[in-house]
Amino acid sequence: MTTQEQTLAGKTLIISGGSRGIGEAIAVRAARDGANVAMLAKTSDPHPKLPGTIYTAAKAIEEAGGQALPIVGDVRDDECVADAIAQTARQFGGIDIVVNNASALDLTATEHISMKKYDLMQDINARGAFLLSKSAIPHLRRALNPHILTLSPPITLDPRWFDGVPTAYTISKFSMSLVTIGLSQELRGDGIAANSLWPRTTIDTAAVRNVLGTELTARSRSTAVMRDAAYSILTSPATEVSGQCFIDDEVLAADGVTDFSQYRLCESEDDLELDFWMVRT
């Protein structure tokens, strides 16, 4: 963003997921400003294949200078989400920012995917983003510079963007972006911004590494690129920046960043692996 209104000092964020990866990176960056961060996630015990729990993320937030509220729960559960919103507002005096980070990834082709897996992605990705955002609206209305940020891609019907990306996963992620577009209009009169953010390239996270393999993530950018882009959006004036589906490096380029080598894990930009729904022009 080209205009930043403020830091995140004293702001309260609630983030779905956040026990590792991009969600944790966004949380820790906010904590560096002195923000309060509530995390709603299921990972209370160590995963056999994925490092980090909601409690290790909370420790990282506090070490960075913020206040953490780890809430073990499921974004698919209505009562759990309502309770998480209530706990967050009670402990920190309100909610300023919602980050819809939790997401399920399954790349099984349509012919072979079970409807149970289809429903899981819809429930976590689309419904989860809708529910957490919906539940926070009364608190966001009372906040200064309130934002909803959803990690989902721009919606396009260009057939090139569907090459190699199974339909079930695409439907669930595009539905998250529809939440952004819909809420941006519905809440415009309240001054609540709703935006989406998606990476240009694959991002090196433990979860992605587990699904796609280390060879691919070696051609990725670090979580820092999404962290910095999210920070830029969340510190922008909510009344001026809403209804957008942003790409991470475009956000940073608008802020004047010209050297992206700090984010990549490979030798050159040409070696980077483009993420889903991104095509080289």
Side-chain angles (χ1 to χ4, degrees), residues 4-44 50-75 80-103 124 128-129 131-133 135-140 142-151 192-197 203 205-207 222-236 238 248:
Q4 291 190 339
E5 182 179 86
Q6 56 198 2
T7 71
L8 297 181
K11 297 292 186 180
T12 295
L13 295 77
I14 184 166
I15 302 178
S16 62
S19 57
R20 59 177 71 90
I22 294 171
E24 182 183 11
I26 293 171
V28 171
R29 178 62 187 89
R32 281 165 47 191
D33 281 1
N36 310 309
V37 184
M39 296 165 294
L40 173 61
K42 294 177 64 179
T43 311
S44 57
L50 302 174
T53 68
I54 195 170
Y55 300 114
T56 59
K59 182 179 179 181
I61 289 166
E62 290 172 351
E63 289 177 346
Q67 298 294 317
L69 175 61
I71 303 171
V72 178
D74 192 335
V75 75
C80 179
V81 170
D83 183 62
I85 292 290
Q87 282 191 57
T88 303
R90 183 166 58 247
Q91 177 146 334
F92 299 124
I95 297 172
D96 302 284
I97 294 168
V98 172
V99 179
N100 292 305
N101 166 73
S103 186
I124 294 176
L131 176 60
L132 188 63
S133 302
S135 302
I137 288 172
H139 300 286
L140 295 174
R142 294 191 289 270
L144 296 175
N145 208 45
H147 280 265
I148 298 170
L149 182 64
T150 301
L151 302 190
I192 301 171
N195 294 288
S196 283
L197 177 64
I203 301 296
T205 67
S222 70
T223 57
V225 67
M226 288 288 282
R227 173 200 69 196
D228 292 350
Y231 181 84
S232 178
I233 295 167
L234 296 175
T235 53
S236 298
D248 55 359

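All residue numbers in this chain count up from 1 along the given sequence. Fair warning: this is a prediction, and the values are worked out from it, not measured in the lab.
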Heavy-atom nearest pair, Thr223 first then Gly21, reads CG2-C, 4.0 Å

Sequence neighbours excluded, the answer for side chain to side chain donor-acceptor pair (under 3.5 Å) partners of Asn100 is Ser133, Thr150

Non-neighbouring partners of Ser196 that pass side chain to side chain donor-acceptor pair (under 3.5 Å), sequence neighbours left out:
Ser152, Thr180

For a 4.5 angstrom cut-off between non-hydrogen side-chain atoms, does Arg20 reach Thr205?
no

Would you indicate whether the side-chain heavy atoms of Ile203 and Met226 approach each other to under 4.5 Å?
yes

What are the two closest heavy atoms between Ala68 and Gln91, and how far apart are they?
O-NE2, 4.4 Å

Taking the side chain as every heavy atom from C-beta outward, state whether Leu40 and Cys80 have any pair of such atoms under 4.5 Å apart.
yes

Rounded at 0.5 Å granularity, tell me how far CD1 in Ile15 sits from CD1 in Ile22.
11.5 Å

For Ala82, give me all partners under side-chain contact (heavy atoms from CB on, under 4.5 Å), at least two apart in sequence or on another chain.
none

Once rounded to the nearest 0.5 Å, what's the spacing between atom CG of Leu234 and atom CG of Leu13?
6.5 Å

Sequence neighbours left out, what passes salt bridge (charged side-chain N to carboxylate O under 4.0 Å, His left out) with Asp228? Give chain and number order.
none

Under 3.5 Å, side-chain donor or acceptor atoms of residues 59-66 against the rest of the protein: list the pairs with distances, not counting sequence neighbours.
none

Under the side-chain contact (heavy atoms from CB on, under 4.5 Å) rule, collect the residues that match up with Asn36, sequence neighbours excluded.
Thr12, Gln67, Phe92

Between Ala57 and Gly18, what is the shortest heavy-atom contact and its length?
CB-O, 3.4 Å

Would you say Lys11's side chain and Leu144's backbone share a donor-acceptor pair under 3.5 angstrom?
yes

Rounded distance (nearest 0.5 Å) linking atom OG1 of Thr88 with atom CE of Met39
10.0 Å

Name of the residue among Ile95, Ile14, Val81 meeting side-chain contact (heavy atoms from CB on, under 4.5 Å) with Ser135
Val81

By side-chain contact (heavy atoms from CB on, under 4.5 Å) - contacts of Ile124 (at least two apart):
Val75, Arg76, Ala102, Ala104, Leu120

Mind checking the CG-CD1 spacing from Asp96 to Ile192? Nearest 0.5 Å is all I need.
11.0 Å

Less than 3.5 Å apart, which donor and acceptor atoms pair up between the side chains of residues 23-33 and the rest of the protein, not counting sequence neighbours?
from  : atom 1 : to     : atom 2 : distance (Å)
Arg29 : NH1    : Asp33  : OD1    : 3.2
Asp33 : OD2    : Leu8   : N      : 2.9
Asp33 : OD2    : Tyr231 : OH     : 2.6

With Gln87 via side chain to side chain donor-acceptor pair (under 3.5 Å) - residues at least two apart
Asp83

Go through the structure and list residues passing side-chain contact (heavy atoms from CB on, under 4.5 Å) with Ala193, not counting sequence neighbours.
His147, Asn195, Ala238, Ser242

Closest approach of Ala38 and Ile71, non-hydrogen atoms and distance?
CB-CD1, 4.5 Å

Could you check whether any side-chain heavy atom of Leu149 comes within less than 4.5 Å of a side-chain heavy atom of Ile233, counting everything from C-beta outward?
yes

To the nearest 0.5 Å, how far apart are OG1 in Thr235 and CG in Asn145?
8.5 Å

